[in-house]
Structure formats: structure tokens, C-alpha cells
Peer 1: 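Before I ask anything, let me first share the structure, which is written out below as C-alpha cells.
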Amino acid sequence: MKRLSAEELLALNKYILDPEDKSIVLNKEICRGCSAKPCTFACPAGLYTVKDGEIGFDHAGCLECGTCRVICLHPEAINWQYPRGGFGISYRYG
Ligand code: SF4
Ligand code: SF4
């Protein structure tokens with residue numbers, strides 16, 4: 001049996017994007033003062049980015065793992081909730 005890579009396993013998941021997604025909302029003013037920005041390397045889906053010193057976030061592909069919520073250096077910077085019912089990720093392989 002072929003052992004799948006993490007990327008191949010993630011590609012099996014189904015994701016329904018909520019066009020009005022407000023599940024993870026950042027306070028960018030607080031993020032601006034966060035020098036380490038651990039979310040940019042801890043998010044397993046790579047959804048946090050930095051461009052010109054400004055934090056960026058894309059909901060599409062969120063694994064709902066909660067890592068960013070736990071690792072955030074300024075917890076008040078993240079308003080974290082699960083997506084609305086019917087939206088977000090459906091795991092197909094464990
Ligand atoms: S760790 Fe928290 S405060 Fe720092 S950039 Fe990421 S979301 Fe913003
Ligand atoms: S919940 Fe997990 S996958 Fe979603 S943005 Fe946070 S760290 Fe990334």
C-alpha cells in the first residue's frame with residue numbers, strides 16, 4: 001500500500017468556502033506590533049502571510065486545527081471561531 005505524503009492527504013479533503021466567512025478575524029493593528037509573527041510559520045496550511053510588514057490571512061483551506069489561536073503572541077489579536085454550519089473543511093482521510 002502506497003504511503004501518502006501530508007500534501008496528498010490534505011488534497012483529499014473537501015473544503016466549502018463561506019463567502020461571508022468571519023471565523024478568523026485579525027486585529028491587524030495588534031499584528032503590526034507583533035515582531036515574531038509565529039502564525040506565519042506555525043499554520044500547517046500556510047494561510048498567514050506577510051507582505052510589506054502587513055499580516056495577511058486567507059480562510060480558504062483552513063484545517064480548523066486551532067494552532068494559530070494557541071500560538072498567537074497577542075491572543076486578543078485573533079477572534080477565532082469555527083466556520084458556520086455547512087462550511088469549512090470535511091476530512092476524508094482521518
Ligand atoms: S502571532 Fe498573533 S498577533 Fe502575531 S501576527 Fe500572528 S495573529 Fe497577529
Ligand atoms: S486553525 Fe490551523 S489551519 Fe486554520 S488558520 Fe489557524 S493554524 Fe492555520
Side-chain angles (χ1 to χ4, degrees):
M1 188 174 156
K2 185 185 176 242
R3 193 178 169 89
L4 299 178
S5 67
E7 288 74 20
E8 287 170 321
L9 288 170
L10 288 173
L12 296 174
N13 297 328
K14 185 176 158 205
Y15 191 86
I16 302 176
L17 183 63
D18 181 353
E20 295 171 25
D21 196 320
K22 292 185 177 64
S23 58
I24 298 177
V25 180
L26 303 178
N27 182 326
K28 294 197 173 183
E29 206 170 313
I30 297 175
C31 292
R32 225 169 275 136
C34 174
S35 51
K37 294 182 174 42
C39 52
T40 58
F41 51 83
C43 171
L47 301 180
Y48 287 85
T49 52
V50 180
K51 193 174 175 195
D52 300 328
E54 186 87 5
I55 195 86
F57 177 71
D58 184 3
H59 291 93
C62 176
L63 305 173
E64 299 170 25
C65 65
T67 302
C68 55
R69 182 186 199 185
V70 172
I71 204 169
C72 181
L73 297 177
H74 306 275
E76 69 278 16
I78 296 189
N79 186 347
W80 197 105
Q81 295 166 63
Y82 285 107
R84 289 191 293 162
F87 295 101
I89 194 158
S90 297
Y91 286 97
R92 290 183 163 174
Y93 202 78

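Just so you know, residue 1 is the first one in the sequence shown, and it goes up from there. Since we're looking at a predicted model, the values are computed, not measured.
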Peer 1: What's the spacing between Ile55 CD1 and Asn27 CG if we round to 0.5 Å?
Peer 2: 12.0 Å
Peer 1: Mind listing the side-chain donor-acceptor pairs of residues 29-39 below 3.5 Å, one per line with the distance, residues two or more places apart or on another chain?
Peer 2:
| from | atom 1 | to | atom 2 | distance (Å) |
| --- | --- | --- | --- | --- |
| Arg32 | NE | Glu54 | OE1 | 3.2 |
| Arg32 | NH2 | Glu54 | OE2 | 3.3 |
| Lys37 | NZ | Cys31 | O | 3.0 |
| Lys37 | NZ | Cys34 | O | 2.6 |

Peer 1: Taking C-beta and beyond as the side chain, do Phe87 and Asp21 meet within less than 4.5 Å on heavy atoms?
Peer 2: no
Peer 1: Grab the two heavy atoms, one from Cys43 and one from Leu47, that are nearest each other, plus how far apart they are.
Peer 2: SG-N, 3.4 Å
Peer 1: For the residue pair Leu12 and Leu4, establish whether any side-chain heavy-atom pair is separated by less than 4.5 Å.
Peer 2: yes
Peer 1: How long is the straight-line distance from CG of Asn13 back to OH of Tyr91, given to the nearest 0.5 Å?
Peer 2: 6.0 Å
Peer 1: Please tabulate, one pair per line, all N/O donor-acceptor pairs under 3.5 Å involving side-chain atoms of residues 63-80, not counting sequence neighbours.
Peer 2:
| from | atom 1 | to | atom 2 | distance (Å) |
| --- | --- | --- | --- | --- |
| Glu64 | OE2 | Ile89 | N | 3.2 |
| Asn79 | OD1 | Gln81 | NE2 | 3.4 |

Peer 1: Could you state whether Tyr82 and Leu26 fall into the same hydrophobic cluster, counting links through intermediate Ile, Leu, Val, Met, Phe, Trp or Tyr residues with side-chain heavy atoms under 4.5 angstrom apart?
Peer 2: yes
Peer 1: Locate the shortest heavy-atom distance separating His59 from Leu17; write the atom from each residue and the value.
Peer 2: CB-CD1, 4.2 Å
